[in-house]
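In what follows, a structure is listed as structure tokens, so that the remarks can point back to it.
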Number of protein chains: 2
Amino acid sequence: MKDCTIYKTMDIIGKRWTLCILLELYKGDNNEKQFNELKGMIKGITPKMLSTRLKELEEQGIIRKRVDSTALPARSFYSMTESGIDFIRIIQDIKKWALTWQFDNPKCKMSECKYCTNTVTSK
Amino acid sequence: MKDCTIYKTMDIIGKRWTLCILLELYKGDNNEKQFNELKGMIKGITPKMLSTRLKELEEQGIIRKRVDSTALPARSFYSMTESGIDFIRIIQDIKKWALTWQFDNPKCKMSECKYCTNTVTSK
DNA sequence: CAGGATCCAAAAGGATACTG
DNA sequence: CAGTATCCTTTTGGATCCTG
């Protein structure tokens, strides 16, 4: 199974919080976002998990991190890479599929993931 | 987070073995397949896990189970529902994305998931 | 043939506190 | 601000054996 592309990919993006983090990063204008900013957007996530996931995603080249050392304390800015942006369309497809076959969530139906508020409004 | 469509969907299809099982069920002609047949196709999976996943997928309406009680011992036949078949295209998109941005797997590139052998050839 | 039952190991994730 | 460190609970999954 180790060679299965699907299997390996799920090991990367099939983890808890990962898709939510990607959606939050992408949301709106795809601007850079800071650590605590993200933490505030994703209700319920602990700094440990956010840190872990961001590191994984960075290693996979799905997001990037920029550090501004001139500021004190230093600040980190996260944003999506090209491959990350390309992946958003898959997340949107998954959402469409789920809304068609699995759930009936009017709030989700009214908006694209780009502006989706359902990733952050409830715990 | 409990209301997030993406989050809920990942709880269904983001689990170990699930995507591989769907691919195996779909592979070829989308014929019905029996329990031990699937077990043989998916190297390394234990009956417990296969049973667990099949039950989950059936509850979600992604696959269906047909039991032939006239035969002894009774036999079970699994096949995909419409929503399951619709989901295959997402798996294929994930695979394409992964092959573009993440991995270089020539074996996968040569074939569609429908005939993908990489889900079963190695452990 | 199609699982269920049991036991166990490992991993994942949450809570909380702390630091440069 | 941006994380680490520590501890602990829960979940997950693997191994093995058993049964109608």
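Here is how names work: the chains are called A, B, and so on, in the same order as the sequence lines, proteins then strands, and each is numbered from 1. Note: hydrogens, waters and symmetry copies are ignored here, and every other heavy atom, side chains too, is used. Because the structure is a prediction, the values reported are computed rather than measured.
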Please check if the number of heavy atoms outside A/Glu82 that lie under 6.0 Å from its CD is greater than 12.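 At most 12 heavy atoms, drawn from other residues, nucleotides or ligands, come within 6.0 Å of this atom.
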
Shortest non-hydrogen contact between A/Thr81 and A/Gly61, atoms and distance: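 Closest approach of A/Thr81 to A/Gly61, heavy atoms only: OG1-O, 2.6 Å.
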
5'-most contact on DNA chain D: B/Arg53 or B/Pro47, nearest heavy atom basis? B/Arg53

Which sits closer to the 5' end of DNA chain D, B/Ala74 or A/Leu54, going by the nucleotide each is nearest to? A/Leu54

Regarding A/Lys33 and the six-membered ring of A/Phe77, is the cationic atom NZ or CZ under 6.0 Å from the ring centre and inside 45° of its axis? no

What's the [atom1]-[atom2] distance between [X] and [N], to the nearest Å?
X       : N      : atom1 : atom2 : answer
B/Arg66 : C/dA2  : CZ    : P     : 11 Å
A/Glu56 : D/dG3  : CD    : P     : 14 Å
A/Leu50 : D/dG3  : CG    : P     : 8 Å
B/Phe35 : C/dG3  : CZ    : C1'   : 5 Å
B/Lys33 : C/dA2  : NZ    : P     : 14 Å
A/Ile45 : C/dT16 : CD1   : P     : 17 Å
A/Leu72 : C/dT19 : CG    : C1'   : 15 Å
A/Ile42 : D/dG3  : CD1   : C1'   : 15 Å

Hey, does A/Lys39 reach any base, or is it just sugar-phosphate, or nothing, if we go heavy atoms under 4.0 Å?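 Since no nucleic acid heavy atom lies under 4.0 Å of A/Lys39, the category is nothing.
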
Okay, side chain of A/Arg64, backbone of A/Tyr78: is any donor-acceptor separation there less than 3.5 Å? no

Strictly below 4.0 Å: does [X] bring a side-chain N or O up to OP1 or OP2 of [N]?
X       : N      : result
A/Lys65 : D/dG3  : yes
A/Ser76 : D/dG3  : yes
B/Ser51 : C/dG4  : yes
B/Gln34 : C/dC1  : no
A/Lys48 : C/dA17 : no
A/Tyr78 : D/dG3  : yes

Using 4.0 Å as the upper bound for N to carboxylate O, is an ion pair formed by A/Glu56 and A/Arg53?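 Looking at A/Arg53 and A/Glu56, the cut-off is met.
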
Consider the side chain of B/Arg16, meaning its heavy atoms from C-beta on, and name the nucleotide among C/dG13, D/dA2, D/dG14 that approaches it most closely.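 Out of C/dG13, D/dA2, D/dG14, the nucleotide with an atom closest to B/Arg16's side chain is D/dG14.
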
Pick the closest DNA chain C nucleotide for A/Pro73 and for A/Met49 by heavy atoms, then say which residue is nearer the 5' end.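 Counting from the 5' end, the first nearest nucleotide belongs to A/Met49.
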
